[in-house]
Amino acid sequence: MANDEHLGDYARSLHVPLIQISQDANHGSAHNYPRENRDTGLCANSSDSDDDHESHALIPEISSMRKRSMSIRSVASTHAEVPKDVTEVLVGVSSVSASSFTFTNFIIQPANPANLPIACLQSGLIAFPLLVTVFGVINCFTCDLLVDAIDIVGQSNAVGFAELLSHRFGRGGWYAGALSVILANFGSLVFTIILIGDMLTPLIGLATGNAILCAHWVWNVGVAVVFLVPMAFIKNMSQLDEASQVAVVILIMLVLSLIGFGIFLIIEPHQRSHFGKSTYHDQCTLKEHFNEPGDKYLILPQSLTFFSALSNLAFSFNAQANVFPLYAELKNRTPKKMKSVNRRAMVMSGIIFILAGVFGYVAFLDATKGNCVKNFPVLQPFGYFMDAVRFLLAVSLVTSYPLTLWECRSHLEQMIAKDSDSARVQEYKRLGMSFLLIVVSTAIAVAAKDVSVVFGFFGSTACPMLMFTLPTLNHLKLHRPHVAQRYVPLLGKINLQNGKDKCALLVFFGSLAIIPLALYSWAVSL
């Protein structure tokens with residue numbers, strides 16, 4: 001049983017869905033699950049098996065990766081008991097409501113709302129809610145496309161984003177999917193380390209005026225060495241379950257803080273004149289630079305910085321890789337149920353993003369920083385509350401870092417894994433990659449200093465590829481029975497039968513147009 005738990009923990013780190021079905025102890029046969037769950041779930045039928053053998057023959061490299069992934073038995077819930085006799089697949093255990101909440105939590109990381117007011121500043125009060133709505137709708141659409149693709153190829157052939165792409169595009173598709181997931185999650189690692197420094201630095205000013213201790217790099221490196229390195233080697237991620245639940249509470253506190261402070265400054269606009277003025281004299285506060293808040297509300301975008309708002313939202317809404325484990329864990333899974341999970345999660349996330357962005361911008365106007373928590377006063381009546389939020393956010397970010405690290409590392413691990421590797425060699429590789437990712441992400445965080453640099457770059461490159469380009473391309477190129485393909489320039493033969501296919505084509509070319517514009521806007525803002 002101990003070995004089963006270890007395999008389950010390791011598989012959860014790879015986000016590999018459940019690949020087990022317990023044998024009925026009395027009848028010696030698989031449980032009689034509904035027909036749709038056997039065909040569209042992880043139990044591959046005979047045709048799936050034939051396709052899988054054909055895929056293995058065509059692309060042995062992907063076959064090897066698939067065998068390594070599918071040989072790992074994972075548990076859909078950290079509290080589920082692993083059956084002793086395992087032959088196929090256990091149905092999921094999560095309800096639609098629980099999965100919707102989990103998906104929302106995946107999308108809205110503890111500090112995501114902190115970088116949304118700057119997006120509202122860049123796009124304007126009217127354009128920002130519209131942008132969030134459009135991003136939410138398109139994001140839900142591409143997640144639905146992934147669900148459809150999983151249903152077509154069989155979940156045993158789509159245990160992850162890269163695995164799904166490999167089914168149609170072979171080795172190149174696997175690497176494209178894996179690299180997009182790696183880069184998107186690596187951006188989150190850098191983002192997290194910068195934010196930890198942003199949260200802790202003002203608090204140090206309450207206790208000391210030492211200029212060295214107020215330097216961000218000191219806390220970036222210090223937290224990485226003291227906390228992140230040891231936590232990255234935790235083998236049982238269930239130890240962080242409680243921390244993840246607390247992170248949701250802290251997130252709610254941050255959003256409520258933005259709403260409350262925004263309403264207060266709408267009523268008392270003269271209070272904005274105090275922004276940037278230290279409530280106490282110390283090196284930590286005096287070295288910060290604040291723009292003048294101004295007194296005008298931007299309704300529409302004023303310049304090319306509008307495209308920076310697009311990259312910001314792409315970074316915030318990035319969640320496609322989580323569709324696969326969530327679908328695997330869904331109880332009595334069907335495409336219809338999973339699409340319901342997608343819609344609920346996008347609606348909840350969109351509402352939270354709009355509230356945080358609009359009220360955060362209304363509070364600080366032109367003085368809004370990339371991380372709006374840096375705008376809040378220290379001390380003062382409202383500042384005391386925000387000091388507590390800063391500290392809690394820092395703790396939450398430290399505990400969320402290992403979860404993101406595992407997802408990033410798992411794809412790297414599959415890239416360099418060999419069938420001949422012993423358990424000890426695999427462990428050494430895992431530790432080495434964890435240490436390397438921490439060192440590199442910390443170094444970039446120290447060099448970048450501002451979170452807007454991070455979400456500007458990754459939000460205009462890896463995140464749009466993961467969210468829009470690759471899911472739509474896979475949908476257009478994936479073979480579907482009884483669907484005649486049509487020739488389109490640049491893409492060749494694609495599925496173009498109905499409105500969904502046409503929307504996918506529009507999103508695909510739209511993402512290709514937005515990526516260079518967002519990247520240019522990011523480069524100009526440096």
Side-chain angles (χ1 to χ4, degrees), residues 5 8-9 11-22 31 33-34 36-37 40-43 73-83 89-110 112-113 136 139-140 142-144 146-148 150-151 155 158-161 236-253 255 316-353 396 399-400 402-404 406-407:
E5 291 176 353
D9 296 332
R12 277 191 295 276
S13 76
L14 297 180
H15 290 270
V16 178
L18 200 59
I19 307 182
Q20 1 180 318
I21 268 190
S22 59
H31 292 295
Y33 297 124
E36 62 270 22
N37 292 333
T40 64
L42 292 176
C43 302
R73 293 175 292 145
S74 84
V75 186
S77 170
T78 55
H79 304 292
E81 182 178 358
V82 180
V89 190
L90 259 179
V91 292
V93 295
S94 297
S95 66
V96 170
S97 298
S99 296
S100 302
F101 180 80
T102 302
F103 201 7
T104 304
N105 191 25
F106 277 141
I107 299 171
I108 307 174
Q109 298 300 322
N112 264 358
N139 209 33
C140 185
T142 57
C143 286
D144 287 352
L146 292 178
V147 174
D148 290 336
I150 294 171
D151 189 44
Q155 205 162 13
V159 296
F161 188 70
N236 187 359
M237 287 291 103
S238 64
Q239 296 175 14
L240 299 176
D241 283 350
E242 291 77 10
S244 298
Q245 296 170 8
V246 172
V248 177
V249 177
I250 298 172
L251 166 68
I252 294 173
M253 292 175 61
V255 174
S316 300
F317 265 113
N318 173 31
Q320 271 63 16
N322 294 307
V323 169
F324 299 87
L326 285 170
Y327 192 20
E329 294 177 2
L330 191 60
K331 185 177 181 179
N332 295 326
R333 67 180 74 85
T334 62
K336 183 178 179 180
K337 285 187 175 182
M338 187 60 208
K339 290 178 181 180
S340 177
V341 171
N342 294 339
R343 287 193 295 271
R344 294 185 185 188
M346 296 307 161
V347 169
M348 289 188 286
S349 302
I351 292 173
I352 292 174
F353 282 169
S396 177
T399 57
S400 68
L403 300 174
T404 307
W406 276 45
E407 187 165 358

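Worth saying up front: this structure is predicted, and the values here are computed from it rather than measured.
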To the nearest 0.5 Å, what is the distance between [atom1] ([X]) and [atom2] ([Y])?
X      : Y      : atom1 : atom2 : answer
Met348 : Ile108 : CE    : CD1   : 8.0 Å
Asn332 : Ser95  : CG    : OG    : 11.0 Å
Cys140 : Lys339 : SG    : NZ    : 9.5 Å

To check you understand the geometry: which heavy-atom pair defines the closest contact between [X] and [Y], and what is its length?
X      : Y      : answer
Ser349 : Thr104 : OG-CG2, 3.7 Å
Pro325 : Ala321 : CD-O, 3.5 Å
Met346 : Cys143 : CE-SG, 3.9 Å

Practice prompt. With sequence neighbours left out, write down each residue that passes side chain to side chain donor-acceptor pair (under 3.5 Å) with Thr142, or none if nothing qualifies.
Written response: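 Only Gln320 meet the side chain to side chain donor-acceptor pair (under 3.5 Å) criterion with Thr142.
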
Item to complete: Return yes if some donor-acceptor pair links the side-chain N/O of Asn139 with the main-chain N/O of Phe317 below 3.5 Å, else return no.
Response: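 Judged by distance alone, yes, a pair lies under 3.5 Å.
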
Worksheet item: Is it true that a side-chain atom of Arg333 and a backbone atom of Met338 form a donor plus acceptor pair closer than 3.5 Å?
Response: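 No.
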
Less than 4.5 Å apart, side chain to side chain, heavy atoms only: is that true for [X] and [Y]?
X      : Y      : value
Val323 : Phe103 : yes
Ser97  : Arg344 : yes
Leu146 : Tyr327 : no

Worksheet item: So Lys337 and Ser99, side-chain contact (heavy atoms from CB on, under 4.5 Å) or not? Walk me through it.
Response: CA-CA 10 Å; Lys337 285 187 175 182; Ser99 296; over 6 Å; no

